[in-house]
Amino acid sequence: MIKDRIKEIGFIDEAINSDIDILAEINRMKKEKNAVILGHYYIESDLQDIADFVGDSLALAQEAAKTDADIIVFLGVHFMAETAKILSPNKKVLLPDLNAGCSLADSAPTDKFADFVNAHPDHLVISYVNTTAEIKALTDIICTSSNAVQIVESLPKEQKIIFGPDKNLGNYIESVTGRKMLIWDGACHVHQQFDVNEIVRLKKEHPKAKVLAHPECNATVLVLADYIGATSGILKFSNIDDCDEFIVATESGILHQMKKLSPDKTFIPAPPEKINDISCACNDCIYMKMNTVKKLYNTLKYELPAIELSDDLQKSAYASIKRMLDISEELGL
Ligand code: 13P
Ligand code: SF4
């Protein structure tokens, strides 16, 4: 019954008794079942405060690889939970809503990416972690925005490289390393649509503010940035830099940790481009925001929905992620 409903709508929509203290129950079930809750910086702030560990994609993969919990509940998106399952195939990995996908991962369909890879057999394939398990199986080394530049730089200069699926991150790596790569034409809908004119206007309004941007943003935004980095890097920079005003060009969820770490500083979310003259004040990833406290409660209670992968796919996707973790460890990342 519950499984059928998950097949139909992707999550458990059971009503929760209003007498229940949901947070206390979540904590009780977590202990009883030896579960760990991992959350990405882009989820809602109430969930960030519930999670045992909040981090960026690299930190979450590292945490998933080393946890001794029996159950990993992933408050993030599908490829992140899938990465945890690939790293820990014997653990139960739960994702509260299977609809939590990723527009960037969707921009690399397996058959087309396989054709691209097969057409360039002398190239090493580096893929961003924002990909499906099938793409990871076609990849030599996975990277995240925290280690992409260092991974490319760790390879011999003459090594030919295919980079996918994020063209913005690929172009950024080229500009930093001076290397040419064959770059797949994919992008994230959140980072792709920041409005350059609005950022310029905000900079005039707040002349002392520094612009912080994620490398998934397009080049016209990145040239305006005072700091470019993964979410963890942006967070750290906003805390240690003496500037006390920042315009933030990445998903708005990160502002919660920024304000927690630096409560006296001002953080202004860079606005997305207006579509039909309508725009909100921030940039939200609809997929990250599919995680809710209610879904988390039901997920822990029923231990569903769980990520399932065939042995073959798990094994063939594992090597590329392991290689990333090994290089990151060697480089102290
Ligand atoms: P990082 O977690 O590497 O900063 O990536 C951001 C992102 O878009 C995750 O989906
Ligand atoms: Fe994917 Fe973009 Fe959402 Fe990250 S922010 S999960 S890249 S759609």
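Each ligand, and each atom within it, is numbered from 1 in the order the structure gives.
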Indicate whether any N or O donor in one side chain lies under 3.5 Å from an N or O acceptor in the other, for S310 and D312.
-> no
Measure the distances from the heavy atoms of Y128 to every atom of ligand 1 and state whether one is below 4.0 angstrom.
-> yes
Could you tell me which atoms of ligand 1, counted from 1 in the order shown, lie closer than 4.0 angstrom to a heavy atom of M80?
-> 9 (C), 10 (O)
Check the pair D49, K260 against salt bridge (Lys or Arg N to Asp or Glu O under 4.0 Å), reporting the backbone distance first and the verdict last.
-> CA-CA 11 Å; D49 292 340; K260 268 174 96 170; 2.8 Å; yes
Below 2.8 Å of atom 2 (Fe) of ligand 2, tally up the protein N/O/S atoms for me.
-> 1
Pick whichever of S145, C285, A230, G233 has a heavy atom sitting closest to atom 1 (P) of ligand 1.
-> S145
What residue and heavy atom of the protein are closest to atom 8 (O) of ligand 1, and at what distance?
-> E216 OE2, 3.0 Å
Pick whichever of V129, V190, N147, N130 has a heavy atom sitting closest to atom 10 (O) of ligand 1.
-> N130
Passes salt bridge (Lys or Arg N to Asp or Glu O under 4.0 Å), E198 versus R201? Steps please.
-> CA-CA 5 Å; E198 277 300 298; R201 187 189 61 73; 2.8 Å; yes
Just wondering, are more than 12 heavy atoms of other shown residues or ligands nearer than 6.0 Å to CZ in F237?
-> yes
For A64, does its backbone N or O pair with a side-chain atom of S88 as donor and acceptor, under 3.5 Å?
-> yes
If only atom types and distance count, is the side chain of N168 paired as donor or acceptor with the main-chain N or O of P215 below 3.5 Å?
-> no
Main-chain N/O of K160 paired to D122 side chain as donor or acceptor, under 3.5 Å | no
Are any of the N/O atoms in H214 less than 3.5 Å from those in ligand 1?
-> yes
Answer yes or no: is there a donor N or O on one side and an acceptor on the other, between the side chain of S175 and the main chain of Y172, under 3.5 Å?
-> yes
Taking only heavy atoms of T231 into account, list the atoms of ligand 1 that are under 4.0 Å away from them.
-> 1 (P), 2 (O), 4 (O)
Please identify which atoms of ligand 1 are closer than 4.0 Å to at least one heavy atom of S57.
-> 1 (P), 2 (O), 3 (O), 5 (O), 9 (C)
Using non-hydrogen atoms of the residue, decide whether E251 is closer than 4.0 angstrom to ligand 1.
-> no
Before giving the answer on salt bridge (Lys or Arg N to Asp or Glu O under 4.0 Å), spell out for E174 and K180 the whole-Å C-alpha distance, their side-chain angles and the decisive distance to 0.1 Å.
-> CA-CA 6 Å; E174 283 194 342; K180 281 303 288 170; 3.3 Å; yes
Is ligand 1 under 4.0 Å from a heavy atom in the side chain of Y42, in the backbone, in both, or in neither?
-> side chain
With R5, which residues qualify under salt bridge (charged side-chain N to carboxylate O under 4.0 Å, His left out), at least two apart?
-> E8, D13
Just one of H214, E216, H191 clears the side chain to side chain donor-acceptor pair (under 3.5 Å) bar with T250, so which one?
-> H191
